[in-house]
Protein chains: 2
Amino acid sequence: MRMAEVSAKYELSQDTLRYYERIGLIPPVNRNNSGVRNYTEDNLKWVEFIKCMRTAGLPIEALIEYVGLFQLGDETLEARKELLKEQRDLLFAKMGDMKKTLERLDSKIERYEQTVGEKEKLLNNLEK
Amino acid sequence: MRMAEVSAKYELSQDTLRYYERIGLIPPVNRNNSGVRNYTEDNLKWVEFIKCMRTAGLPIEALIEYVGLFQLGDETLEARKELLKEQRDLLFAKMGDMKKTLERLDSKIERYEQTVGEKEKLLNNLEK
DNA sequence: ATCCCACTTGGAGTTAACTCAAAGTCAAGA
DNA sequence: TCTTGACTTTGAGTTAACTCCAAGTGGGAT
């Protein structure tokens with residue numbers, strides 16, 4: 001699969017795809033004999049995985065490390081597991097913060113609804 | 001309350017507190033006659049609110065707009081409500097993405113646990 | 001009186017994560 | 001043959017959100 005298609009499929013700009021590859025966030029993609037990238041199924045899986053992780057806000061640096069460990073083979077299973085656990089816990093904590101804020105926003109909005117409602121009632125009374 | 005204390009209480013650097021005030025993310029804080037900030041209860045509430053919102057990742061730009069609207073008074077109740085709703089929905093969506101990623105990480109970690117476990121068993125067998 | 005320390009301002013520097021621009025190559029179609 | 005268009009590389013530019021630095025001031029302790 002060529003870059004244009006990959007870009008469309010995963011909604012990542014071509015620049016971003018090149019950038020990710022350049023910094024080692026996805027493993028190198030093979031080229032045809034004129035240097036054009038040809039994404040394999042395996043490449044696509046990486047792209048999809050990285051996109052998912054980035055969407056959730058995992059830092060690029062940690063993901064680069066994961067990809068690097070992966071390429072070193074089975075020796076790094078344990079290290080990869082620990083890395084994922086660490087990021088999982090960070091993500092979990094962040095979701096906790098967000099949940100608190102979401103609740104706070106919800107009750108704030110609720111109060112705004114009431115206040116705006118009362119203002120309207122007042123205006124209605126004046127009209128009569 | 002002086003800045004050092006506010007900084008400690010909310011774990012925001014003094015630089016960040018000044019920055020927030022400079023860009024209008026918190027309303028202006030009164031100074032004593034030698035120009036030193038003196039945070040009132042009301043100022044502290046803003047600091048705490050903004051910290052909470054920022055921790056959840058709400059963009060500074062939206063928060064500046066909220067503070068601006070607030071300072072314009074009751075005319076802006078409706079606009080403020082809409083702004084909060086919009087940010088709430090964005091936050092909610094983001095949490096959805098993160099939940100998906102969290103689940104994916106959890107099952108990936110689970111698989112790593114199994115794989116690492118099997119490798120250890122293999123090694124144990126070799127030792128016998 | 002002098003020294004220290006917590007503050008002040010204005011402006012420059014940093015980091016993460018892209019994003020864009022310039023100049024070049026190659027294959028296919030008119 | 002010439003052009004078009006999708007790609008290539010290298011390197012610079014951008015954005016958000018801080019973070020740091022230099023130079024200055026006012027008030028309290030020694």
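Naming: A, B, ... by sequence-line order, numbering from 1 per chain.
The phosphate of D:dC7 (OP1 or OP2) has a side-chain N or O of A:Q14 nearer than 4.0 angstrom. For C:dC20, neither phosphate oxygen OP1 nor OP2 lies less than 4.0 angstrom from any side-chain nitrogen or oxygen of A:Y19. A close approach under 4.0 Å does occur between a side-chain nitrogen or oxygen of A:R54 and OP1 or OP2 of C:dC18.
A:L63 places its CG atom 12 Å from the C1' atom of C:dA17, with the value rounded to the nearest Å. Between the C1' atom of D:dT8 and the CG atom of A:L17 lies a distance of 14 Å, rounded to the nearest Å. Distance, B:I50 CD1 to D:dC18 P: 11 Å, rounded to whole Å. Rounding to whole angstrom units, CG of residue A:L25 and C1' of C:dC18 are separated by 12 Å.
B:E21 places a side-chain heavy atom less than 4.5 Å from the side chain of B:R37. Here the side chains of B:L44 and B:Y10 are in contact, with some heavy-atom distance below 4.5 Å. Looking at B:F49 and A:R104, their side chains come closer than 4.5 Å, going by heavy atoms from C-beta outward.
If you check D:dC18, C:dT19, D:dC7 against the side chain of B:I60, the one that comes closest is D:dC18. Between C:dA16, D:dC7, D:dC18, one nucleotide has an atom nearer to the side chain of A:E61 than all others, and that is C:dA16. Considering only the side chain of B:R2, C:dC7 comes nearest among C:dG11, D:dA6, C:dC7.
Within 4.0 Å (heavy atoms only), B:R18 reaches at least one base atom of the nucleic acid.
Each of B:P59 and A:E5 was assigned the nucleotide of DNA chain D with the nearest heavy atom; the assignment lying further toward the 5' end belongs to A:E5. Mapping B:R22 and A:Y20 onto DNA chain C via the closest heavy atom, the residue that lands nearer the 5' end is B:R22.
For D:dC20, the base has a donor-acceptor partner in the side chain of B:D15 [N/O atoms by modelled type, under 3.5 angstrom].
Within residues 28-43 of chain A, the residues that place at least one heavy atom under 4.0 Å from DNA chain D are, in residue-number order, A:R31, A:G35, A:V36, A:R37.
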- [ ] Go ahead and write out DNA chain D as dot-bracket, 5' to 3': ( ) for pairs within the strand, [ ] for ones crossing earlier pairs, | when the partner sits on another strand, dots for unpaired; Watson-Crick or G-U wobble, both distances under 3.5 Å.
- [x] ||||||||||||||||||||||||||||||

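Under a 4.0 Å N-O distance rule, the pair A:E41/A:K45 does not qualify as a salt bridge.
When each of A:E75, A:K81, A:R80 is checked for a side-chain contact (heavy atoms from CB on, under 4.5 Å) with A:E78, only A:K81 meets the rule.
Here the CG-NZ distance, from B:L12 to B:K51, works out to 5.5 Å after rounding to the nearest 0.5 Å. Going from atom CG of A:L25 over to atom CD1 of A:I50 covers 4.0 Å, rounded to the nearest 0.5 Å. Summarising the geometry, atom CG belonging to A:L63 is positioned 12.0 Å from atom CD1 belonging to A:I26; distances are rounded to the nearest 0.5 Å.
Under the salt bridge (Lys or Arg N to Asp or Glu O under 4.0 Å) criterion, A:D97 pairs with no residue at all, not counting sequence neighbours.
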